[in-house]
Each structure stands twice: as C-alpha cells, then as structure tokens.
Amino acid sequence: MAKGLDTVIERGFFKQCTNLEALTQKMDEGPVTFYVGVDPTGSSLHVGHMVPFFAMHHLQKAGHNPIAVVGGGTSMIGDPSGKTEMRKMLTVEQIAYNAGCIKKQLSTVVDFSGDNTSIGKAIMVNNYDWLGSLNYLEFLRDVGKHFSVNRMLSFESYKMRMETGLSFIEFNYQLLQSYDFLTLYRDHGCTMQMGGDDQWGNIVAGIELTRRMAGAEVYGLTFPLVTRSDGKKMGKTEKGAVFLDPEMFSPYEFYQYWRNVADADVGRFLKLFTFLPMEEIAELEKLKDQEINKAKEVLAYEYTSIVHGEEEAEKAKEAAKAAFSVQGSAALDKSSIPSITIDRTELESGINVMDLYARTALCSSRGEARRLVTQGGASINEVKITDINKSIDISFLEDDELLLKAGKKRYFRIIVE
RNA sequence: GGGGAGGUUCCCGAGUGGUCAAAGGGGGCAGACUGUAAAUCUGUUGGCUACGCCUUCGAAGGUUCAAAUCCUUCUCUCCCCA
C-alpha cells in the first residue's frame, strides 16, 4: 500500500475512491499532486472543515504535493450539495480577506512555507483566477457539452434541491468544479481530488471532464461524512460552529468541546484530528468507563495544541482541571475566563445579583438571570446565591474579583478597580 | 404574465375576533443522577421598575370596546400553467 495513502485509510479518512488500485500504484511510484477545495464563505473555518486537511497533512508528510483550492469563484455562486438553501453571494474583496484568514488556519496542519524539502510542496490557489475571466460561449462550447443534464438530475444532491428549488446558477456548480480539476491538472499536474463524500458526484464529474478534454486519468477520493454518535452535527454547538479563530471560539471552549465528546467518538476522533501514532491511539481506545476520560483529555489537548499552540492547550487543560476538580475556583487559570471590569464605588453600594449576571455574557437578560438564580445555578466565588434580591457588595470580593458561575461549567470574571 | 398556497415566538408547527406571551415537539438553560459522558427524570424557555405593565404572530394602514385571527395595500417564499 502506498505510503501516505495507507495512513489516510488506516486513520479513517477513506470512504471511497474512483480507482484505488491505480491510485495506490501511482502514489507508490512517486509524489502525486492532489487538491482539496475549501469555500471562503467565512473568515474562519470550523472543525468540520478540517477533516480533508488533516488527510492532506498525512499525504504531504508522505511526500505528496497538496493544493488547497479556495473557491473564490465558485463561492460567488453557491454549492447546492447538501445545502437546503441557496448561499449568499460574496464580493471579491470579502473572499480575498477570508482566503487570507483561512490560509493562516490551514497552516496549522499543512506546511505552505515550501522550505521543508523532506515533505511535499503545498500551495494555495484561488479558482477565481481562472473562473473569473471565463468566456461564457467558449465555456459552454468546450466544457458544457460534456455534461448531461439527465445525469446531473439523478444526483442525490440535486434531487434534494428539486424539492425546494434550484436556481440555474447553482445548477452550474458542477461544471465549474469539474473545470477546476481540469485546470489544476493542466497547470499543476494535479491528478487527484479529495473531498467529503457529499462531493463524490462533483469529483467524478471532474475526473470525466479531465479524461475527455485532456485524455488523462485522474483520481478521486472521498472521506466519510464525520458525524457524532449522538446524531448531532459535528462541530456544532448550541451557540454555533466550533470555529478555529480564537476570537470566535476561545481555546478553552475549544478544548472543552473535545473534552466532552461522546465515548463512542473518542477513538475515531483521535485518529482523524490528532497526529498521534496509531499504537498510542490503540492504547487509549482500550480505556473504558471513567478511564475513557483520559483519552478525551488527550484528544482535547492534542487538537487544541495543533490549532492554538501548546501554550494555549496547556492553559486550557489547567483551567479545565481547576474548574472541575474539588478545590474549585482556587486553582482556576483566570486569564482564560472572559471578564469585565467594574468600578469599586459601584460595588460598594451593592449590585443586585440579577443585574450583575445580566451584565455578563452568562445571561442575556435579567429574566434569564432570575431563572438561573431561582433554579440554583448561580454562585459567586463558590457561594451559591438563591435569593434574587440579594445585593452583591464588597463583602463577596476575593482578591478584588468576583467569579460568577452559571451552571456547572460556565464562568465569568468581574474585576473590581 | 395567469392561477393557487403560504409567511406565527431560537427551529418545526398549532391557533382563525376576546379565555393568546400564544398548544405540541425540537433545541436551549437550570436541577437530580453521573465520568466535565450518554440515557433518564424534573423545572424553565419574550422583556421589564414584575400579583402589574410593555413589545411580539412578514410590513404598513384600517374596521372593532377588543385582532396572530377581519379588510386594504405592499413585500417575500413555494406550487401549477405560460
């Protein structure tokens, strides 16, 4: 089995391949240039986007050459695959900005620097560069003729949209993505595309187009759709997606997200989202019941460390330990908890509990704060508050701070000056 | 362009003049249980200066003592025909 490809398969990235034997052989023979597409629809990726790039990492490490294709052109249109609604369109400037942010985030797993000769060479390109200047008539004549509408309609992703409606622009997405593959083959000798299994149809279409127009055999490989065993969408929380941008999703929360994955998911996620050797993961997978928490800690630490750096991972780990151990807040790493500063004089005259909570991110209104207090979920510096009329004053202070707690896991810090 | 069906609180979805801040479900939050898990159970889920008041049922007007519910216009979505 080809180097790199075996790792990818072994770690659970493999769902299906257009021609596994041929691809294996090709990858055995030497470096293969391959690509993964990413949509620059936001300024931050979330963890769900990362699956292909972890795979990319393993292949790059094995000496193959990755291309990350930013869908600047295609995202101006919208991909119907798996979406129930049409995407909003973005301006060229927004896309360029987003692409910059994304590259930075991808750099945590893929090396774009090009100064490490022992691994494959990675580049990032934007398909707007070739799609943006397409001539409609020429495109229809040269590319469009290879596509069968009947065939396209038979794809599941389009079928779904047939129910709700599918605009003509979206319908063209497959042509553009196929054209990407052809272009990358011509310009960069790219011979493989990877993507989520929902992209299978588009990938196959690209392969066919490349065969017809360039007479070359290229390959496609898809990853299983990563789901959570509890059926919830991977990488989504109540508050939204688990973003990689620390401004949008703090390293502590990031750590906690992975620390709290379902038992059944730990092993799979360790393989997908960490670089730990398989033997080590196999050991961790043996853990049961309470012991499995160790595996979750490893997962959380490793992934946090990849995305946010070891220092942040360490901080998050310590903060979590402190927050959930018996000593309570004493050992909490305060710097990782969100905070606001209030004036000492204000506290001296006393602030109502509800008012205080409502001013933090813990509660969005006094009503919510009232509920929290009434239901026994509020405590300040580890003193439970159950009286909604309680006035908080300087007697609650500890080191000039108030540590507000909501429920078991959410903290907020009030610094008094 | 013609015809039809619709837009309800975070989401889905009841409600068709007062008993509606609006059923039910989902989700969320909190509590119990626990392993910072899952499952389960309980409570809660517009705002506020809180036994009352204010703002919500696509938007703006109107009818009425009283409208999410009736009328008018506008707007958006979906379906059928062209």
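The figures here come from the full heavy-atom set of this structure, side chains too, leaving out hydrogens, waters and symmetry mates. Throughout, protein chains are lettered first and strands after them, A, B, ... in sequence-line order, and every chain is numbered starting at 1.
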- [ ] Please state the P separation for the pair rA22(B) and rC57(B) - nearest whole angstrom.
- [x] 15 Å
TODO: Pick the P atom in rU55(B) and in rA66(B), then give their distance to the nearest Å.
DONE: 15 Å
Open item on the list: Suppose we screen for side chain to side chain contact (heavy atoms under 4.5 Å, CB included). Which residues come up paired with Asp355(A), at least two apart in sequence or across chains?
Closed with: Ile351(A), Asn352(A), Arg366(A)
Task: Atom C1', compared across rC48(B) and rG58(B): separation rounded to whole Å - done: 26 Å
Open item on the list: What's the closest nucleotide to the side chain of Leu372(A) if the choices are rA30(B), rU36(B), rA37(B)?
Closed with: rA30(B)
TODO: Assert yes or no for the condition that the ring centre distance of Tyr35(A) to Phe181(A) is strictly below 6.0 Å.
DONE: yes
TODO: Sequence neighbours left out, what passes side chain to side chain contact (heavy atoms under 4.5 Å, CB included) with Ser395(A)? Give chain and number order.
DONE: Asp393(A)
Open item on the list: Please report the distance, rounded to the nearest Å, between OH in Tyr411(A) and P in rU36(B).
Closed with: 12 Å
Task: N/O donor-acceptor pair, side chain Gln375(A) with base rG43(B), under 3.5 angstrom - done: yes
- [ ] Check every strand shown and say whether Gln256(A) touches a base, only sugar-phosphate, or nothing at a heavy-atom separation below 4.0 Å.
- [x] base
Open item on the list: With syn defined as a glycosidic angle within 90° of 0 and anti as the rest, where does rC78(B) land?
Closed with: anti
- [ ] Please work out if Ala406(A) contacts a base, only the sugar-phosphate, or nothing of the nucleic acid, heavy-atom cut-off 4.0 Å.
- [x] sugar-phosphate
Task: Residue pair Gln60(A) / Asp111(A), side-chain donor-acceptor N/O under 3.5 Å - done: no
Open item on the list: Which nucleotide, if any, forms a Watson-Crick or G-U wobble pair with rU19(B), using both distances under 3.5 Å?
Closed with: none
- [ ] Could you tell me which residues satisfy side chain to side chain contact (heavy atoms under 4.5 Å, CB included) with Ser133(A), sequence neighbours excluded, listed by chain and number?
- [x] none
TODO: Just name whichever nucleotide pairs with rA5(B), Watson-Crick or G-U, keeping both distances under 3.5 Å, else none.
DONE: rU77(B)
Task: Separation between the C1' atoms of rC12(B) and rG6(B), rounded to whole Å - done: 15 Å
Open item on the list: Could you tell me how far rU8(B) sits from rA68(B) if I compare only their P atoms? Round to whole Å.
Closed with: 15 Å
TODO: Provide the distance between the two C1' atoms, one in rU72(B) and one in rA23(B), to the nearest whole Å.
DONE: 31 Å
Task: Ile385(A) CD1 to rA30(B) C1', straight-line distance once rounded to whole Å - done: 16 Å
Open item on the list: Pairing check on rG24(B): which nucleotide meets the Watson-Crick or G-U wobble criteria with it, both distances under 3.5 Å?
Closed with: rC12(B)
Open item on the list: Return a single string for nucleotides 21-26 of chain B, one symbol per nucleotide in 5' to 3' order, where B is base contact, S is sugar-phosphate-only contact and - is none, cutoff 4.0 angstrom on heavy atoms.
Closed with: ------
Task: Atom-pair distance (NZ on Lys294(A); C1' on rA37(B)), nearest Å - done: 16 Å
TODO: Provide, to the nearest angstrom, the distance between the NZ atom belonging to Lys296(A) and the C1' atom belonging to rU36(B).
DONE: 9 Å
- [ ] Indicate whether OP1 or OP2 belonging to rA37(B) is found under 4.0 Å from a side-chain N or O atom of Lys408(A).
- [x] no
Task: Any residue meeting side chain to side chain donor-acceptor pair (under 3.5 Å) with Glu285(A), in chain and number order, not counting sequence neighbours - done: none
TODO: Could you let me know what rG46(B) is paired to, Watson-Crick or G-U wobble, both distances under 3.5 Å, or none if it's on its own?
DONE: rC54(B)
Task: Under 3.5 Å on both distances, the Watson-Crick or G-U partner of rA37(B) - done: none
Below 3.5 Å between N/O atoms, which protein atoms pair up with nucleotides 45-52 of chain B? Just atom names and distances, please.
{"unit_1": "rG47(B)", "atom_1": "OP1", "unit_2": "Ser365(A)", "atom_2": "OG", "d": "2.7"}
{"unit_1": "rG47(B)", "atom_1": "OP2", "unit_2": "Arg371(A)", "atom_2": "NH2", "d": "3.2"}
{"unit_1": "rC48(B)", "atom_1": "OP1", "unit_2": "Arg366(A)", "atom_2": "N", "d": "2.9"}
{"unit_1": "rC48(B)", "atom_1": "OP2", "unit_2": "Gly367(A)", "atom_2": "N", "d": "2.8"}
{"unit_1": "rU49(B)", "atom_1": "OP2", "unit_2": "Arg366(A)", "atom_2": "NE", "d": "2.4"}
{"unit_1": "rU49(B)", "atom_1": "OP2", "unit_2": "Arg366(A)", "atom_2": "NH2", "d": "3.0"}
{"unit_1": "rA50(B)", "atom_1": "N1", "unit_2": "Arg370(A)", "atom_2": "NE", "d": "2.8"}
{"unit_1": "rA50(B)", "atom_1": "N1", "unit_2": "Arg370(A)", "atom_2": "NH2", "d": "3.2"}

Task: Counterpart residues, side chain to side chain donor-acceptor pair (under 3.5 Å), relative to Gln105(A) (two or more places apart) - done: Ser44(A)
Task: Pairwise P distance for rU56(B) and rA67(B), with rounding to whole Å - done: 12 Å
- [ ] Mind calculating the distance between CG (Asn260(A)) and P (rA39(B)) to the nearest angstrom?
- [x] 13 Å
Open item on the list: Taking the six-membered ring for Trp, are Phe249(A) and Tyr257(A) closer than 6.0 Å centroid to centroid?
Closed with: no
Task: salt bridge (charged side-chain N to carboxylate O under 4.0 Å, His left out) against Lys145(A), all qualifying residues, sequence neighbours excluded - done: none
Task: Interatomic distance, Lys409(A) NZ vs rG31(B) P [rounded to whole Å] - done: 11 Å
TODO: Under the side chain to side chain donor-acceptor pair (under 3.5 Å) rule, collect the residues that match up with Trp130(A), sequence neighbours excluded.
DONE: Asp180(A)
- [ ] Please state whether the phosphate of rA30(B), meaning OP1 or OP2, lies under 4.0 angstrom from any side-chain nitrogen or oxygen of Arg410(A).
- [x] yes
- [ ] Can you tell me the distance, in whole Å, between the CG atom of Leu362(A) and the P atom of rG28(B)?
- [x] 18 Å
Task: Counterpart base for rA66(B), defined by Watson-Crick or G-U wobble contacts under 3.5 Å - done: none
TODO: Can you spot which of Phe275(A), Phe269(A), Phe54(A) makes a ring-ring contact (aromatic ring centres under 6.0 Å, His included) with Tyr303(A)?
DONE: Phe54(A)
- [ ] Using atom CD of Glu297(A) as one end and atom P of rG35(B) as the other, report the distance to the nearest whole Å.
- [x] 15 Å
TODO: Provide the distance between the two P atoms, one in rC65(B) and one in rC20(B), to the nearest whole Å.
DONE: 23 Å
- [ ] Using distance alone, with no hydrogens and no angle criterion, decide if Asn202(A) and Ser178(A) have a side-chain donor and acceptor under 3.5 Å apart.
- [x] no
